[in-house]
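What follows is a set of notes on a single structure, which appears directly below.
Worth saying up front: this structure is predicted, and the values here are computed from it rather than measured.
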Amino acid sequence: MNNGIELDASDFEEDRYSRLKLIPWWDQQRLLNATVMVVGAGAIGNELIKNLALLGVGKILIFDMDTIENTNLTRAVLYRVQDVGKYKADVAAERAAEINSDVKAKGFVSNIIYDVGLGVFRRMDVVLGGLDNREARLAINQSCYKVNRPWIDGAIEGLNGFARVFVPGRGACYECTMTETDWRLINKRKSCALLTREQMQEGKIPTTPTSSSVIAGIQVQEMLKLLHSDRDLPALIGKGYVFNGLTHDSYVVEYQVKPDCMSHNLYDEIIEKPWSVHDQTLKAIINEIKTDMGENSILELDREIATYAKCSCGKERELFIPVHKLKRDMIQCPKCGKIMSFDTMHSIVGTEEYLDKTAEEIGIPPLHIIAGRIGMEMRYYEFTNDQKEIFEGL
């Protein structure tokens, strides 16, 4: 009985997100407008990306350097047999778009430590980590802190795992949680910088798809709380959720802030410049900094650049590459086979002989942020013209 009023079937239709919108504090438009970075597209990363796509997160940037192997197929819901040999980041982005056409995802075959500009982090709402090494976690932590962006770390081993939330200025950061063992392992990796990838690989970590789904689920739930921060939802900021899959015990730990933590470096106002790393020369950059800050100001880089190598036999070679990217063959003398010594720099005063080089030619990634310094005063400048390159297609 409808009392003469005809009802159309469309009156009862639900849209894709109707069940999510039943949650009282939920704002689906906020998710559609969100931009989220996922670092690592392995077991945890697959679950993170799957959940983001299901939820309708509008833009997903996926960073991973590796290709898909047969062993990934037991722990990665996004990969198929025919994907073996392809880059994880590219395939994961393609699958995310297949799950939900509202989602735009883009893969980057990039090293998160060296190849991702701070301006990319600056444009994220949240960064999610599905990583397997401490050095990458520390790099993300430092990058997020500099540009005041939250990140959520996840890790698994066997049936166990944990998820941690770090928000600059609100409780402990990742470096605050690091132990002497963590630092020793990081330094060991750094000391292997001149070895091949195969030489420095250590034992693989045993993982399961079940533990990765649990931890990634917690990470994404914490992301939802951060995106709805005005709803006063309790979040794990400065804390960690620890899961024991063998006994199904779980508990929350709160980390202590280290007052002398070196990662607590928050950049002040960032000046967006119409620069691109591809064509802006060091000479043009230092001249603009001197015009802005004064003739005695210098350009400060956040990485050590190897400039020239010289062998005891007299052979010389130009390098201009970040020190951590150096490989043994780059500094092996082509004349006598010895390992060459090399000079480094991390600041430019304006009198150097290599000022005609572009920022890209000395290893600065697109959309990065550099600093000008005079005395104790610092100003930060972004290569903003690289934004289109990074976000094209998103």
Side-chain angles (χ1 to χ4, degrees), residues 16-17 19-64 75-79 88-89 92-93 95-100 102-107 112 121 124-132 137 140-141 144 149-156 160-167 174 207-231 233-243 245 250 252:
R16 183 183 190 111
Y17 308 104
R19 299 303 174 91
L20 300 176
K21 294 174 183 175
L22 293 174
I23 300 172
W25 47 265
W26 196 272
D27 184 346
Q28 187 61 41
Q29 192 59 48
R30 198 173 299 195
L31 296 183
L32 290 170
N33 292 339
T35 304
V36 174
M37 178 191 294
V38 176
V39 187
I44 293 179
N46 263 243
E47 293 296 321
L48 293 171
I49 295 160
K50 177 206 73 179
N51 287 337
L52 295 177
L54 290 173
L55 291 170
V57 170
K59 295 185 178 107
I60 308 171
L61 285 75
I62 304 165
F63 292 84
D64 195 297
R75 297 166 292 117
V77 68
L78 302 179
Y79 304 146
K88 292 178 180 178
R95 296 288 190 274
E98 290 175 2
I99 291 172
N100 188 348
D102 291 339
V103 168
K104 294 185 183 301
K106 186 173 181 179
I112 199 67
F121 286 91
M124 297 301 114
D125 291 296
V126 182
V127 174
L128 300 173
L131 298 153
D132 60 1
R137 287 188 175 97
I140 292 172
N141 186 73
C144 285
R149 290 296 178 267
W151 81 283
I152 304 174
D153 178 36
I156 55 175
N160 306 324
F162 59 77
R164 303 182 285 189
V165 181
F166 304 112
V167 179
Y174 172 73
T207 59
T208 67
T210 50
S211 54
S212 60
S213 63
V214 170
I215 296 305
I218 296 296
Q219 287 179 267
V220 174
Q221 287 199 158
E222 290 301 308
M223 177 208 72
L224 290 170
K225 296 175 189 177
L226 295 181
L227 292 179
H228 292 84
S229 59
D230 56 332
R231 305 298 204 252
L233 304 170
L236 289 172
I237 297 173
K239 301 177 182 178
Y241 169 82
V242 182
F243 174 72
S250 64
V252 172

Shortest non-hydrogen contact between [X] and [Y], atoms and distance:
| X | Y | result |
| --- | --- | --- |
| L226 | P150 | CD1-CB, 3.9 Å |
| N100 | A53 | ND2-O, 2.9 Å |
| R149 | F121 | CG-O, 3.3 Å |
| A93 | G107 | CB-N, 3.6 Å |
| R231 | W25 | NE-O, 3.0 Å |
| S212 | I44 | CB-N, 4.0 Å |

Is a side-chain donor or acceptor of [X] paired with a backbone partner of [Y] at a separation under 3.5 angstrom?
| X | Y | answer |
| --- | --- | --- |
| E47 | V214 | no |
| D153 | R164 | no |
| K88 | G40 | no |
| D64 | A89 | no |
| D125 | V36 | no |

Can you tell me how far apart [atom1] ([X]) and [atom2] ([Y]) are? Round to the nearest 0.5 Å.
| X | Y | atom1 | atom2 | result |
| --- | --- | --- | --- | --- |
| I156 | F243 | CD1 | CZ | 11.0 Å |
| R95 | Y79 | CZ | OH | 9.0 Å |
| L233 | L224 | CG | CG | 9.5 Å |
| I215 | I152 | CD1 | CD1 | 12.5 Å |
| L78 | I99 | CG | CD1 | 5.5 Å |
| N160 | T207 | CG | OG1 | 12.0 Å |

Are [X] and [Y] packed together at the side-chain level, in the sense that at least one heavy-atom pair is separated by less than 4.5 angstrom?
| X | Y | answer |
| --- | --- | --- |
| N46 | R75 | no |
| D230 | R30 | yes |
| V103 | L52 | no |
| V57 | V220 | no |
| Y17 | D102 | yes |

Yes or no on side chain to side chain contact (heavy atoms under 4.5 Å, CB included) for L20 and Q28, after CA distance, side-chain angles and deciding distance?
CA-CA 8 Å; L20 300 176; Q28 187 61 41; 3.7 Å; yes
Quick one, L61 with M124, criterion side chain to side chain contact (heavy atoms under 4.5 Å, CB included). Give me CA distance, side-chain angles, the key distance, then yes/no.
CA-CA 9 Å; L61 285 75; M124 297 301 114; 3.9 Å; yes
Look at the aromatic rings of F166 and Y174 and report parallel, tilted or perpendicular, splitting at 30° and 60°.
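F166 and Y174: perpendicular rings.
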Partner of E222 by side-chain contact (heavy atoms from CB on, under 4.5 Å), out of I237, L236, V126:
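Exactly one candidate clears the test, L236.
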Identified side-chain contact (heavy atoms from CB on, under 4.5 Å) partner of V127 from the options V38, V39, N141
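The single option meeting the side-chain contact (heavy atoms from CB on, under 4.5 Å) with V127 is V39.
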Greater than 12 external heavy atoms within 6.0 Å of K59's NZ:
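No, not enclosed.
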Neighbour count above 12 (heavy atom, 6.0 Å) for K104 NZ:
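Atom NZ in K104 is not packed in, count stays at 12 or less.
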Before you tell me yes or no, could you show the steps for W151 and R137 under side chain to side chain contact (heavy atoms under 4.5 Å, CB included), namely the whole-Å CA-CA distance, both residues' side-chain angles and the distance that decides it to 0.1 Å?
CA-CA 10 Å; W151 81 283; R137 287 188 175 97; 4.1 Å; yes
Test side chain to side chain contact (heavy atoms under 4.5 Å, CB included) on L48 and M223; report intermediate values, then the result.
CA-CA 10 Å; L48 293 171; M223 177 208 72; over 6 Å; no
